[in-house]
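What you see is a predicted model; the values in this text were computed from it and never measured. Residue numbers run from 1 in the order of the sequence given.
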Amino acid sequence: LFSNLDTYVNVVGGLWLDEPAMDLPVALALISGLKDVAVSSDTVAFGEIGLTGEIRGVSNADLRVSEAARMGFRRVIVPHHNLSNIVARDNVEVIGVKTVRQAFEEIQS
């Protein structure tokens, strides 16, 4: 899909993307741009992507959801594997996904 396109990812403040949990948000940003589908401003995602598109669990998932809730996000897309370790929070919908395709379908709804 991207082979005939120039693709750029800009990271604010000179940060490095060496955190595996950044795989999913970067992929969703790229796909949303390609498909012309906006990601809602109240949605955040994290997860590592494997070679076949599976979403792998990450460390500190509950802490990440807690911080997202504190920052005002209302939908958090997380690796399905991490769901059992996440405490439910008021006004925050936590969505577990197993693949990149499933994550993209969630940002469309």
Side-chain angles (χ1 to χ4, degrees):
L1 294 172
F2 293 100
S3 62
N4 63 341
L5 301 173
D6 291 331
T7 305
Y8 301 93
V9 176
N10 184 20
V11 180
V12 177
L15 299 173
W16 292 93
L17 295 181
D18 60 355
E19 164 63 60
M22 290 299 297
D23 291 355
L24 183 57
V26 169
L28 290 176
L30 291 170
I31 296 167
S32 71
L34 182 69
K35 299 286 190 176
D36 198 26
V37 173
V39 179
S40 173
S41 63
D42 69 347
T43 300
V44 68
F46 61 84
E48 181 179 2
I49 300 176
L51 291 176
T52 61
E54 80 275 10
I55 307 300
R56 296 180 182 158
V58 297
S59 61
N60 301 314
D62 188 58
L63 182 60
R64 295 171 195 261
V65 171
S66 177
E67 185 64 14
R70 189 186 69 75
M71 295 177 70
F73 291 100
R74 297 292 162 234
R75 295 182 78 219
V76 185
I77 299 173
V78 304
H80 185 268
H81 177 75
N82 288 120
L83 277 179
S84 61
N85 300 325
I86 296 174
V87 176
R89 289 168 177 80
D90 292 338
N91 301 319
V92 177
E93 177 185 12
V94 178
I95 303 162
V97 295
K98 295 180 179 180
T99 64
V100 174
R101 179 182 300 272
Q102 188 180 13
F104 182 69
E105 289 169 358
E106 287 297 336
I107 69 167
Q108 293 182 86
S109 59

Arg70 and Glu67 ion-paired at < 4.0 Å: yes
Side chain to side chain contact (heavy atoms under 4.5 Å, CB included), paired with Val26, selected from Asp23, Leu24, Leu30, Leu28: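 Result: among Asp23, Leu24, Leu30, Leu28, Leu30 is the only option passing the side chain to side chain contact (heavy atoms under 4.5 Å, CB included) with Val26.
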Determine the sole option in Ile107, Val39, Ile55 for which the side chain to side chain contact (heavy atoms under 4.5 Å, CB included) test with Ile77 is passed.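 Of Ile107, Val39, Ile55, side chain to side chain contact (heavy atoms under 4.5 Å, CB included) with Ile77 is met by Ile107 alone.
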Please give me the minimum heavy-atom distance between Pro25 and Gly47, naming the atom from each residue. CD-N, 4.5 Å
Correct closest heavy-atom pair for Ala61 and Phe46 would be O-CZ, 3.8 Å
Could you go through residues 94-104 and list every donor-acceptor pair under 3.5 Å that involves a side-chain atom there, pairing it with any protein atom two or more places apart or in another chain?
{"residue": "Thr99", "atom": "OG1", "partner": "Gln102", "partner atom": "N", "Å": "3.0"}
{"residue": "Gln102", "atom": "OE1", "partner": "Lys98", "partner atom": "N", "Å": "2.7"}

Return the set of residues passing side-chain hydrogen bond (donor to acceptor under 3.5 Å, both in side chains) with Glu105 (not counting sequence neighbours), or none when no residue passes.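 Result, side-chain hydrogen bond (donor to acceptor under 3.5 Å, both in side chains) vs Glu105: none returned.
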Given 3.5 Å as the limit, does a donor-acceptor pair link the side chain of Arg64 with the main chain of Ser59, or not?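 Present.
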Closer than 3.5 angstrom, by distance alone: can the side chain of Arg75 be matched with the main-chain N or O of Glu106 as a donor-acceptor pair? yes
Hydrophobic cluster identity match, [X] and [Y], side-chain contacts under 4.5 Å:
X     : Y     : answer
Met71 : Val87 : no
Ile31 : Val37 : yes
Leu83 : Phe73 : yes

For residues 78-92, which residue pairs pass the side chain to side chain donor-acceptor pair (under 3.5 Å) check, not counting sequence neighbours? Asp62-Arg89
Are Ile49 and Glu54 side-chain neighbours, meaning at least one heavy-atom pair lies under 4.5 Å?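 The answer is no; the side chains never approach within 4.5 Å.
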